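Presented below is the structure to which this report refers.
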Number of protein chains: 2
Amino acid sequence: MNKLTKIPKIPPTTFGIDFTAPLFKVTVFVQEHFQGKCQELTSECRNIQERGFDNIRSIRVESGAWVGYEHHDFQGQQFVLEKGEYPHWDAYSGSLGYHVERMMSLRPICSAAHQSSRMVIYEKDNFLGRSVELCDDYPSLQAMGWCEKQVGSMHVQCGAFVCCEYPGYRGQQYVMECDKNSGDYPHWKDWGSHCQTSQIQSIRRIQH
Amino acid sequence: MNKLTKIPKIPPTTFGIDFTAPLFKVTVFVQEHFQGKCQELTSECRNIQERGFDNIRSIRVESGAWVGYEHHDFQGQQFVLEKGEYPHWDAYSGSLGYHVERMMSLRPICSAAHQSSRMVIYEKDNFLGRSVELCDDYPSLQAMGWCEKQVGSMHVQCGAFVCCEYPGYRGQQYVMECDKNSGDYPHWKDWGSHCQTSQIQSIRRIQH
């Protein structure tokens, strides 16, 4: 019996990881359940329509961590995609009340790195008020001692995180990265073009 | 700045946790957004209709980890509920294709304990084939080295876990506990009355 631990990494020979494979690779399909026209991507795609797709309806992530967007040019709702299979929109949407069923652009999350991920959340915007440093996964911020269901601002020191509207990593998803805007997110309007509120109830690191 | 770490626990005085509060407490509401008739629960409820509710449409978890069920007597789809606010069905459903919008029973997850949680997953049913011991959170089992998107059987040695159909803790949820059936889940039919397949792509510990 082997033990899956995050640090140190599992020896690739034990589990069959192929280190000659591209660092980032995803296959997108125009139909659900991996049917119809498909394309392999190993770098960002700003507009899937320019590649002859009207939409993406299923996804197989083969390596790396990715983020998909509702609109082209990385705008609108965000969908974190880690290695595995997503046969339809519900599989990657994160249980949204607003059923958009659209993914028009996607890109690798280059700063995803589990070992050293670290961020600070602040009670108020512009990095003011009470603050807490996070370096783990928190399915319920309230259970971990953060008294409110809102976060005012954030700074990512290292790595990448996904912040979620509801506990258990559900609801709207916001990707936060150290290599975007120097890791500074001073106001909830900086979390993404789709963000409507400062509500965040769970946060976790994004895996390679 | 304080550091949120899981081990050791955060001093309660720092973060305002009230240790005189009940270990398990949830408030359920008949309407969305915490409106209408409500009731506090500190122990299991086998049938919410016996308490005059036609359904539960929003939930505030005040302490402990809970699991809600689609049907009475803890049957049907499962919804893990950790501390925080769930204003409507989408907030706790886990992005299901099948929109049931029903919660008829719920109970505390008594074996949820983060520090020592441990389970083994097996490739085939009846604890056969390749096996791996898990003692952490795994948003993508495939990224961590488990080559398939299925799990054949499981044994929970300590604590409680939620196993999810898709990566990133999405899709159908199956609660696995050390104090149910001695922690043995020899076949996917043992994972819950709603389980239709052996597909599991993410697993995490359940928090107090």
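Numbered from 1 within each chain, the chains take letters A, B, ... in sequence-line order. Owing to the predicted nature of the structure, the values given are computational and were not obtained by experimental measurement.
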Does the side-chain contact (heavy atoms from CB on, under 4.5 Å) test come out yes or no for A:Tyr138 and B:Glu82, once each step is laid out? CA-CA 11 Å; A:Tyr138 305 89; B:Glu82 285 149 318; over 6 Å; no
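The most heavy-atom pairs under 4.5 Å with chain A, out of B:Pro87, B:Gly64, B:Pro167, come from B:Pro167.
Only the side chain of B:Gln201 has a heavy atom closer than 4.5 Å to any heavy atom of chain A.
Residue-environment remark: CD (B:Gln196) stays at or below the threshold of 12 foreign heavy atoms within 6.0 Å.
Note that CD of B:Gln172 is 11.0 Å distant from CG of A:Asp90, once rounded to the nearest 0.5 Å.
Looking at A:Pro139 and B:Tyr169, their side chains never come closer than 4.5 Å, going by heavy atoms from C-beta outward. Using a 4.5 Å heavy-atom cutoff, the side chains of A:Val80 and B:Arg170 are in contact.
A:Ser140 places a side-chain N or O within donor-acceptor distance of the main-chain N or O of B:Lys83, the cut-off being under 3.5 Å.
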